[in-house]
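Residue numbers start from 1 in every chain, and the chains themselves are labelled A, B, ... in the order their sequence lines are given, proteins ahead of strands. All values below were derived from every heavy atom in this structure, side-chain atoms included, with hydrogens, water molecules and symmetry-related copies excluded.
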Number of protein chains: 2
Amino acid sequence: MSVLKKSEGIPLYTQIRKSLRDDITKKVLAPGQKIPSEDELAAKFGVSRMTVRQGISDLIDEGLLYRRHGVGTFVAQPHFERDHSRLTSFVETAKEEGIDLSIRVLIADILPAKLKVAQSLSLEEGDLVVHVKTLRFITNLPITVHDTYVPYKLFPQLLQEDLESHHLWDILDSYGFRVKRAVQRLEAREADEEIARLLEMDEGLPILYKERTVYLDNGTPVEFTYCYNRGDRYSLTIVLNR
Amino acid sequence: MSVLKKSEGIPLYTQIRKSLRDDITKKVLAPGQKIPSEDELAAKFGVSRMTVRQGISDLIDEGLLYRRHGVGTFVAQPHFERDHSRLTSFVETAKEEGIDLSIRVLIADILPAKLKVAQSLSLEEGDLVVHVKTLRFITNLPITVHDTYVPYKLFPQLLQEDLESHHLWDILDSYGFRVKRAVQRLEAREADEEIARLLEMDEGLPILYKERTVYLDNGTPVEFTYCYNRGDRYSLTIVLNR
DNA sequence: TTAAATTCGCTGTATAGACGATTAATCGAC
DNA sequence: GTCGATTAATCGTCTATACAGCGAATTTAA
């Protein structure tokens, strides 16, 4: 029996969501199984039905549950990477999975934006941007080159931060900027001389090339990055919802 | 002044969402601008505040609006591909954007699943799968090879469908299966002899290689596809939300 | 026996109101 | 003038209830 704490600052629907999620991960509720009806859950938790629905809705968005109008709510079959559908930084993911990731800053400077960078960041060509070029290693093997651009006028102190151990988004968060969304464009390309040298591979071999623009919740672009990933060592998994 | 139709089977929150979306796209509500408070909108539309919130929530998920607790709800800065964050088939997208896409079916047969396909579709090795190999053209230039596998026991009649003009997901929809989610893994690879021949390119040039598993809302996998995209003609744009 | 109608359980939509939490603006004391 | 407290506006959470709409099971009728 789950009793909710009324007064801990934690919303009731959050507690309900947690309780249901626990039941699912602990297989108290098995895949395919019908969970109690919203009325029953409302009675069990001692809340109104709308509050139960709010808790359930989040789990449906996550793909843990699904509803059948007129029938009930069911536990979905677990599928790999069910939880990977949200935007997370590579650094966060690596930490969680115990991957030995290290970052070397190659360049950190301030310069006028070229056309493409300016357009991506909603700036004028020539506006100042902070530029950080990094090389990332996994278990000491070079894997990715990043060229990141951030509007100087938004973050003039950025270069004083420790960019090798803190992820950019965490730094932005600490400034109160809420990173919300990333648009990424992917291509397969041949490695040019510079990238091949940095990634210790032969020129012409395939590179997973990525252009990424990162936005705050109000739609302001705050980061534009070119990524060059070694094709034989890097794969990207993404999850899309309909 | 917007008056909602009470009795057309269209939920009020859907009508409110549409009204707000129209105001945004027609710039009646400009980016950055505060929209009327929930109480004002409730009064204007003649509905309760909860109904207004339901309409607004959808637009927030889409990134069209954002909320500031204690302050108000605002129109987000428009950003390119704001609307591309949902799972849509390439065919759907192409149609909307007027791209001249054609599909040629190279192989359509039924065979026992190999290990990887079986695992991806939650089958046993050797279980029958429907296999469809297609070559896709944009303005008559070959661009992509697809190897698609679907569990035979779920769709025994699939090969009787017109696979060149109807997208697989539309066919599944017509059977009542709700496609909900796709997990895709991307790599950059070199083209092997067969792919190079089909895509009319040189062996060894970069290919954007993609493995895709498609799930219904109940978590059942229904499609597994290997995609080989010509690196110089294909780029993939994805949007991630935090 | 089969087909149509009914019932029942459940989710979907909607209401009207209450109080809490956050933010920005205003006002007052020092 | 500056700082702090008050206030108003607004979103966040929650209630208790009502009826509509769907789907499956059951009952009824042909």
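Ring-plane geometry between A/Tyr66 and A/Phe74 is classed as parallel, the angle between the planes falling under 30 degrees on a 0 to 90 degree scale with a further cut at 60.
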Side-chain donor-acceptor pairs of residues 120-134 of chain A under 3.5 Å, sequence neighbours excluded:
| unit_1 | atom_1 | unit_2 | atom_2 | d |
| --- | --- | --- | --- | --- |
| A/Ser120 | OG | A/Lys116 | O | 2.8 |
| A/Asp127 | OD2 | A/Glu124 | N | 2.9 |
| A/His131 | ND1 | A/Asp109 | OD1 | 3.0 |
| A/His131 | NE2 | A/Asp147 | OD1 | 2.7 |
| A/Lys133 | NZ | A/Asp147 | OD2 | 3.0 |
| A/Lys133 | NZ | A/Glu194 | OE2 | 3.3 |

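Rounded to an integer number of Å, the gap from A/Met50 CE to D/dC19 P is 17 Å. One interatomic measurement links the two molecules: CZ of A/Phe74 to C1' of C/dG9, which rounds to 12 Å at whole-angstrom precision. Rounded to a whole Å, the CZ atom of B/Phe45 is 17 Å from the P atom of C/dT13. One can place CD1 of A/Ile60 at 12 Å from C1' of C/dG12, the figure rounded to the nearest angstrom. Put simply, CD on A/Gln54 is 16 Å from C1' on D/dA16, counting in whole angstrom units. The CG atom of A/Leu12 sits 10 Å away from the P atom of D/dT13 (whole-angstrom rounding).
Between A/Ser48 and the phosphate of D/dT17, there is no side-chain N or O to OP1/OP2 separation shorter than 4.0 Å.
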Open item on the list: Strictly under 4.0 angstrom, non-hydrogen atoms only: write out the protein contact profile of nucleotides 3-12 of chain D, one letter per nucleotide from the 5' end, B, S or -.
Closed with: ------BBBB

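Using a 4.0 Å cut-off between a side-chain N of Lys or Arg and a carboxylate O of Asp or Glu, B/Lys18 and B/Asp58 do not qualify as a salt bridge. Look at B/Glu62 and B/Arg17 and you find no salt bridge, because none of the NZ, NE, NH1 or NH2 atoms lies under 4.0 Å from a carboxylate O.
Here the side chain of A/His146 pairs no donor or acceptor atom with the backbone of A/Thr148 at under 3.5 angstrom.
Judged as a side-chain hydrogen bond (donor to acceptor under 3.5 Å, both in side chains), and not counting sequence neighbours, A/Thr213 has no contacts.
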